[in-house]
Amino acid sequence: MFEEPEWAEEAPVVADLGSVALGLRPTAVSQIKGSNRRQLLATLRALEVASLPQQSPSLPDSDSEEEEEVVETRKKRPKKGLFAGASNEVEEKRKKKRHKRGPPSSDSKEEEVEREKCHKGALLGSDLAEEEKKKRKCQKQIPSNLAQPLDSVDQTGSKAWNSSATSDPTKPTCETPSSNPPHTLSRKQWRNRQKNKRRQKNKFRPSQPPEQAPAPAPASAEEAEVPSAPSPDNHGARAEALRARMAQRLDGARFRYLNEQLYSGPSSAAQRLFQEDPEAFLLYHRGFQNQVKKWPLQPVDRIARDLRQRPASLVVADFGCGDCRLASSIRNPVHCFDLASLDPRVTVCDMAQVPLEDESIDVAVFCLSLMGTNIRDFLEEANRVLKPGGLLKVAEVSSRFEDVRTFLGAVTKLGFKVISKDLTNSHFFLFDFEKTGPPRVGPTTQLSGLKLQPCLYKRR
C-alpha cells in the first residue's frame with residue numbers, strides 16, 4: 001500500500017521545532033518522492049542543529065539522537081578533511097537501505113550500529129590528530145633547545161625539567177629517547193675540569209732543569225691524561241743539578257768561613273791554615289772570583305791602568321797577588337807574593353816578611369790585601385823594601401773605613417805622605433802614598449787609624 005516515510009519516526013523530536021517545522025510537514029508529505037526525500041532530510045537536520053544545539057538525547061533508540069551525536073562529534077573534530085570519506089560512506093549506506101523495504105525497527109538497529117562505528121572512528125581520528133600535533137610540537141622544540149647556549153642550559157637544566165614535571169603533570173610532553181634530561185656542562189665547569197686534568201698531569205711530571213727545553217705538548221687529550229713515566233736521563237740530570245747546587249752552597253759557606261778567618265787573625269795564622277789545607281786556598285779564590293764578577297769596578301784594573309802610564313822600568317811588588325792579574329796586565333817587572341801559590345810566578349810567604357832586600361823596588365801595591373789584624377806590619381815591610389820616593393798604592397773596600405782621615409794620618413806616621421785619593425767610587429777607595437823616610441813612631445806606639453773593619457760576606 002503506502003510506504004511510511006522514515007521521517008515519521010522522528011516526529012517526537014521534530015515536534016518541538018515550533019511553528020516553522022509544523023507548517024512544512026503537511027506539504028512535504030505529499031511532495032516527497034525519490035530525491036526530494038533526501039533534500040527534506042537534509043533540511044530537517046539543519047533545522048534541528050540550528051534550533052537545538054544544546055539538547056541532550058532523550059530516546060536512545062531513535063535516529064535523531066544518533067544524528068545529534070554525529071553532529072557533536074563532528075564539532076569536536078580538529079579537521080573535517082580527515083573524516084570526509086567516512087561520512088560519505090555512511091550516507092551512501094543509508095541511501096541504499098532506504099530504498100529497501102523492510103520493518104522500520106530493523107533499519108533503525110542497523111543504522112545505530114553503523115553510527116556507533118562512525119562515532120568510534122571519529123574518536124580514533126581525533127586521537128590520531130592529537131598525536132600528530134604532539135609530534136610537530138616536539139620537532140619544533142628540539143632545535144630551539146639545541147640552540148640554547150651553555151650558560152642557559154646550565155641555569156635551566158635540571159630545575160626546568162623538574163618544574164615542568166611537577167607543576168603540570170597533565171600537560172602533554174613529547175617523548176624523548178631517555179626519561180632524564182641531557183647533562184651539559186657550563187663554561188665554568190668545563191674550565192674547572194680542564195684545570196683539574198692539567199694538575200693531575202703535572203703531578204706526575206718530573207721537574208726539568210733550566211738547561212733542558214720543555215717537552216712538547218701531547219697531540220690528543222687521551223695522551224694528556226696518561227702521565228708520562230720519568231726517563232732515567234731526567235733522573236740523572238736532576239741528580240746532577242741537585243749535586244751541583246749543593247756543592248755551590250757548600251763552597252759558599254766555606255768561603256765565608258775562610259774569609260772570616262783571614263780578617264780576624266794575623267797573617268801568620270792564615271799562612272799556617274793554607275799550608276795545612278792547600279785546597280782551602282783554591283776554594284777561597286774561587287769564591288772570591290765569584291764575588292768579583294758582581295762588582296761594578298775591579299780595583300786591580302784601575303791600578304794597572306795607572307802603572308801603564310809610568311815607565312816600564314819601574315820594579316813593582318804585588319803584596320797579595322792572588323792569580324797574578326796585575327803582573328799579566330803591565331810590562332813592568334813584578335814580584336808576586338801571597339800565602340799560597342796559584343801561579344808559578346807567585347812567591348809563597350808571609351806578607352809581613354817578604355824575601356826582598358831593603359830599598360829594592362819602586363812601587364808597592366796592596367790591592368784588597370790589607371787583611372788580618374797586623375796591617376801595621378804590612379805597611380812597615382813595604383816602607384822597608386821601597387826606595388826613597390817610592391810609590392805605595394792601596395785599594396780597599398769603602399765599608400772598612402770608619403774614618404778615612406784617621407787612616408791617612410796613621411799611614412803618614414809610618415813614613416809616607418798622601419799624593420792622591422779617590423773616594424768617588426761607592427765600593428772602593430784608592431790611595432797613592434809616597435815614601436818620605438823610615439817610620440816616625442816606635443814599634444810600641446798604638447795607631448788606632450789602622451784598625452779597619454773586616455769585610456765579611458753575608459749569605460745570599
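The structure displayed is predicted, hence computed values, not measured ones.
Contact check for Phe428 versus Leu368: side-chain heavy atoms found under the 4.5 Å cut-off. Looking at heavy atoms from C-beta onward, Thr436 lies out of side-chain contact with Phe416 at the 4.5 angstrom threshold. Between Val315 and Val363, every side-chain heavy-atom pair lies at or beyond the 4.5 Å cut-off. Counting heavy atoms from C-beta outward, Ser328 and Arg345 have side chains that approach closer than 4.5 Å. Arg193 places none of its side-chain heavy atoms less than 4.5 Å from the side chain of Gln189. Contact annotation: the side chain of Arg440 never approaches that of Leu414 to less than 4.5 Å [non-hydrogen atoms, C-beta and beyond]. A 4.5 Å side-chain heavy-atom check between Glu434 and Leu391 finds every atom pair outside the cut-off. At a threshold of 4.5 Å between non-hydrogen side-chain atoms, the residues Met351 and Asp377 do not count as touching.
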Apply side-chain contact (heavy atoms from CB on, under 4.5 Å) to residues Arg305 and Arg302 and explain how you reach the verdict.
CA-CA 5 Å; Arg305 186 181 65 184; Arg302 175 72 178 274; 2.9 Å; yes
Leu326 vs Val365, side-chain contact (heavy atoms from CB on, under 4.5 Å): CA-CA, chis, key distance, verdict:
CA-CA 10 Å; Leu326 180 62; Val365 178; 4.1 Å; yes
Go through the steps to decide whether Glu380 and Arg384 satisfy the test salt bridge (Lys or Arg N to Asp or Glu O under 4.0 Å), and finish with yes or no.
CA-CA 6 Å; Glu380 288 178 350; Arg384 182 185 70 82; over 6 Å; no
Let's go through Val292 and Gln298 carefully: what are the C-alpha distance in whole Å and the side-chain angles of both, what is the deciding distance for side-chain contact (heavy atoms from CB on, under 4.5 Å) to 0.1 Å, and is it a yes or a no?
CA-CA 7 Å; Val292 167; Gln298 292 195 25; 3.1 Å; yes
Pair Phe433, Leu408 - check side-chain contact (heavy atoms from CB on, under 4.5 Å), show working.
CA-CA 9 Å; Phe433 301 95; Leu408 296 177; 3.6 Å; yes
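Nearest heavy-atom pair, Pro355 versus Cys349, reported as atom, atom and distance to 0.1 Å: CD-SG, 4.0 Å. Nearest heavy-atom pair, Cys455 versus Val397, reported as atom, atom and distance to 0.1 Å: SG-CG2, 4.1 Å. Between Lys435 and Asn383, the shortest heavy-atom distance links the atoms NZ-O, 2.6 Å. Minimum interatomic distance between Val346 and Cys321 (heavy atoms only, all atoms of both residues): CG2-SG, 3.7 Å. Closest non-hydrogen pair, Ala352 versus Asn374, comes out as CB-ND2, 4.3 Å. Smallest separation of non-hydrogen atoms from Ala410 and Leu447: O-CD1, 4.0 Å.
Between Phe274 atom CZ and Leu282 atom CG the span is 9.5 Å, to the nearest 0.5 Å. Annotation: the span from Leu450 atom CG to Phe378 atom CZ amounts to 11.5 Å, rounded to 0.5 Å. In this structure, the separation between CG on Leu392 and CG on Leu379 is 6.5 Å, given to the nearest 0.5 Å. Put simply, CG on Asp318 and CG on Asn332 are 12.0 Å apart, with the number rounded to the nearest 0.5 Å. From Thr373, atom OG1 reaches atom NZ of Lys451 across 10.0 Å, with rounding to the nearest 0.5 Å. Within the model, atoms CD1 of Ile419 and CG of Asp432 stand 6.0 Å from one another, a figure rounded to the nearest 0.5 Å.
Residues Arg331 and Ser313 bring no donor and acceptor atom of their side chains to less than 3.5 Å of each other. Judged purely by distance below 3.5 Å, without hydrogens or angles, the side chains of Asp350 and Ser268 never pair a donor atom with an acceptor atom. For the 3.5 Å distance criterion, the side chains of Gln453 and Glu402 qualify, holding a donor opposite an acceptor.
Each of Tyr263, Phe255, Tyr257 was scored for a ring pair (Phe, Tyr, Trp, His ring centres under 6.0 Å) with Tyr284, with one residue passing: Phe255.
Within 6.0 Å of atom CZ in Arg310, 12 or fewer heavy atoms from other residues, nucleotides or ligands are found, so the atom counts as exposed in its surroundings. No more than 12 heavy atoms of other residues, nucleotides or ligands lie within 6.0 Å of CH2 in Trp190, so this atom counts as exposed by the packing criterion. For Glu359, the CD atom sits in a packed shell: over 12 heavy atoms of surrounding residues, nucleotides or ligands are nearer than 6.0 Å.
Listed for the Asp277 side chain is no donor-acceptor partner under 3.5 Å among the backbone atoms of Leu273. In terms of modelled atom types and a separation under 3.5 Å, the side chain of Ser264 and the main chain of Glu260 share a donor-acceptor contact. Formation of a donor-acceptor pair under 3.5 Å by the Arg308 side chain with backbone atoms of Ile303 is not found in this model. In this structure a side-chain-to-backbone donor-acceptor pair under 3.5 Å is missing from Ser360 to Leu356. Of the possible donor and acceptor atoms, one in the side chain of Asp338 sits under 3.5 Å from a partner among the backbone N and O of Gly322.
In this pair, His285 and Phe288 present their aromatic rings perpendicular. The plane angle is above 60°, beyond the 30 to 60° band.
Between Phe429 and Phe401, the gap from one ring centroid to the other is short of 6.0 Å. Checked against the 6.0 Å centroid criterion, the rings of Phe366 and Phe431 do not qualify as a close aromatic pair.
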